[in-house]
Each structure stands twice: as structure tokens, then as C-alpha cells.
Amino acid sequence: MNNKGSLTCVGTGITLAGQITVLAKNYLESADQVFAIMPDYMSEEWLKSINPNYKSLQYLYQEGKSRRQTYREMTEEVCHAVREGKKVVLALYGHPGIFACVGHFAISDLQAEGYSAQMLPGISADACLYADLGIDPGTYGCQSYEASQFLFGGIEPNVGAYLVLWQISLAGEHTLKTFKTTKDNLKATVRLLNKYYPIEHEVIIYEAPFLPIQQPRIEKFPLKELPEIELKSISTMVIPPLTPLKLKQEALDEFGLNITDFGQDSK
Ligand SMILES: C[S@@+](CC[C@H](N)C(=O)[O-])C[C@H]1O[C@@H](n2cnc3c(N)ncnc32)[C@H](O)[C@@H]1O
């Protein structure tokens, strides 16, 4: 085994060129080999300008092929270069470990084989979302799920907190072989969400800008209209709280506190 190879997974942020950390850029510049899964041609060109030893792994995505297989193949390609003794950087847009499994897989495989493998944080879509929508997740709390996982699991949301559904454009898509969902799946999504939220509850489709000169997409509409709304692979759905944050006397009892201490009604 050649233990000299190493892997660093970095995030490039969402907005082109401006959201990468100084540390991540240093690793990119000094890598023997850069692999990347970037959303578009312009970010690929930008990465190539940082390090010409660049290879996109996008070619492994194919309509009809299971994404599970694609991710395993991507992991294998990255690990192979490390095993050859190269200092490898895997660059992923946003944060490399948020709703992105290849970095996690590769790090886990390589560490098990005794290689040095690490992940550096990056600016993710939800980091942009908090900034553009003016949401502090600390105010009411925030739940974050992959849309299909949330729907298939019949998960009951806390309606007093924000609910963020990632990959809403794939909601209900179970084959992992195609890149968009159907209107029927979106209607089913509305039916399931309507168990907890009124059909008129205002929800948001959010898209962080790719270029610094662009504006974010912040489209607000009643839940019932979801099947008619244009969804892109970068769309994230945000469901604002329905009810105010409540305190429970039963929980406060554990701290010797009374609900009236917080100015709330004891009823
Ligand atoms: C495979 S995940 C990648 C997330 C990425 N690693 C990150 O840190 O943001 C793709 C999902 O991230 C969200 N996403 C990606 N780009 C986005 C953008 N520009 N604006 C809003 N959400 C985005 C969407 O929910 C999309 O379906």
C-alpha cells in the first residue's frame, strides 16, 4: 500500500468563485489531481484555471443509471488516484458533505485503508438561504430533510419550526434513475403536507444565485400551487412555521420553572 496519497474534500460554495474559503483554495492549488462534481460549465472552467490537473466526474451521471451506482463509481475513481500516491482534492459545490455522499464515502473508505482523508466545510445552499430569506434557524428552530426521504418516511414535522425540503424537484422520485419528478408526485406531496399545514399556507421556493450579479429566486405561493410551480434541480422548498413557538409546563417542571415566568398563558 502506498500511504503517501491523501484526499481533501472541499466545497466551492454556491455563488461562482466568491464563496470558496482561503484554505480550500490553497488545497486546490497544490493538489496533484483535482476531481470535481460541479453544476455547470463556468464553474468547471474556473476550477481548471486554479488547477489544470482537473477532471470532472459529471460524465458518470447517465439518465437511466442508478445514482447509487454513479456515486460508487465516483468514489472508486477518487480513491484509485489516492491509492496511486496522489494528493487528491475532490471539489463539490456548496458544502462537500451536505446532501452529497461521494466525499463521505471516499473519506470513510480511504481512512479504513490507512490513508489521510479529510473534509473542509463550504458555504452550502442553506447557508445562502438563511442570508437571503432573513431566517435565523435559532429563532424558531429548523428541520431539514431530503424531500423524498421526508415524504416516504411519513415524517411528522414540527409545525412550530421552519421545514426545509432539499431536492424538491425529485420529490417522490424513487427509481434514482431520472432527474425530475412528476406532477402526480407533487400532488401527492401536497396531500401529505396538507396533513399538517393548511392548503393555503404560504411556502417558498428558493434558489441561491449562481453569479454574484444575479438575484436569488424567492417565490412565495400557497402550498396547493406546488404542482404548478417551475422546479429546477437547484430548487429548495422552505415551509415557514405555522404556529408560534410554545413552551410546555411539563418540560419546565424539570427545571423548577413556571410557564407564567415567560409571560405565556398557563392554558
Ligand atoms: C445534491 S444537493 C447538493 C447540496 C450542496 N452540497 C450544498 O452544500 O448546498 C442538491 C440540492 O441542494 C439544494 N441546492 C443546490 N443548489 C442550490 C441553489 N443554488 N439554491 C438553493 N438550493 C440549492 C437543492 O435543494 C438541490 O436539490
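All ligand and atom numbering here is 1-based and tracks the order in the structure.
No side-chain N or O of T181 forms a donor-acceptor pair with one of E173 less than 3.5 Å apart.
Under a 4.0 Å heavy-atom criterion, P209 is not in contact with ligand 1. Note on ligand 1: L92 sits outside its first shell, no heavy atom being nearer than 4.0 Å.
By the 30° and 60° cut-offs, the orientation of the rings of F150 relative to Y145 is tilted.
A salt bridge links D109 with R72; the closest basic N to acidic carboxylate O contact falls under 4.0 Å. Salt-bridge annotation for E219 and R217: present, with a side-chain N of the basic residue lying under 4.0 Å from a carboxylate O of the acidic one. By the 4.0 Å N-to-carboxylate-O rule, K195 lies too far from E156 to be salt-bridged with it.
By the criterion of a heavy-atom distance under 4.0 Å, the backbone of S233, and not its side chain, is placed next to ligand 1. Neither the backbone nor the side chain of F210 has any atom closer than 4.0 Å to an atom of ligand 1 (non-hydrogen atoms only). Of the heavy atoms in S235, only backbone atoms (N, CA, C, O) come closer than 4.0 Å to ligand 1. Contacts between I14 and ligand 1, counted as non-hydrogen atom pairs separated by less than 4.0 Å, involve the side chain only.
In terms of polar-atom proximity, A125 is counted as a contact of ligand 1, with an N or O under 3.5 Å from an N or O of the ligand.
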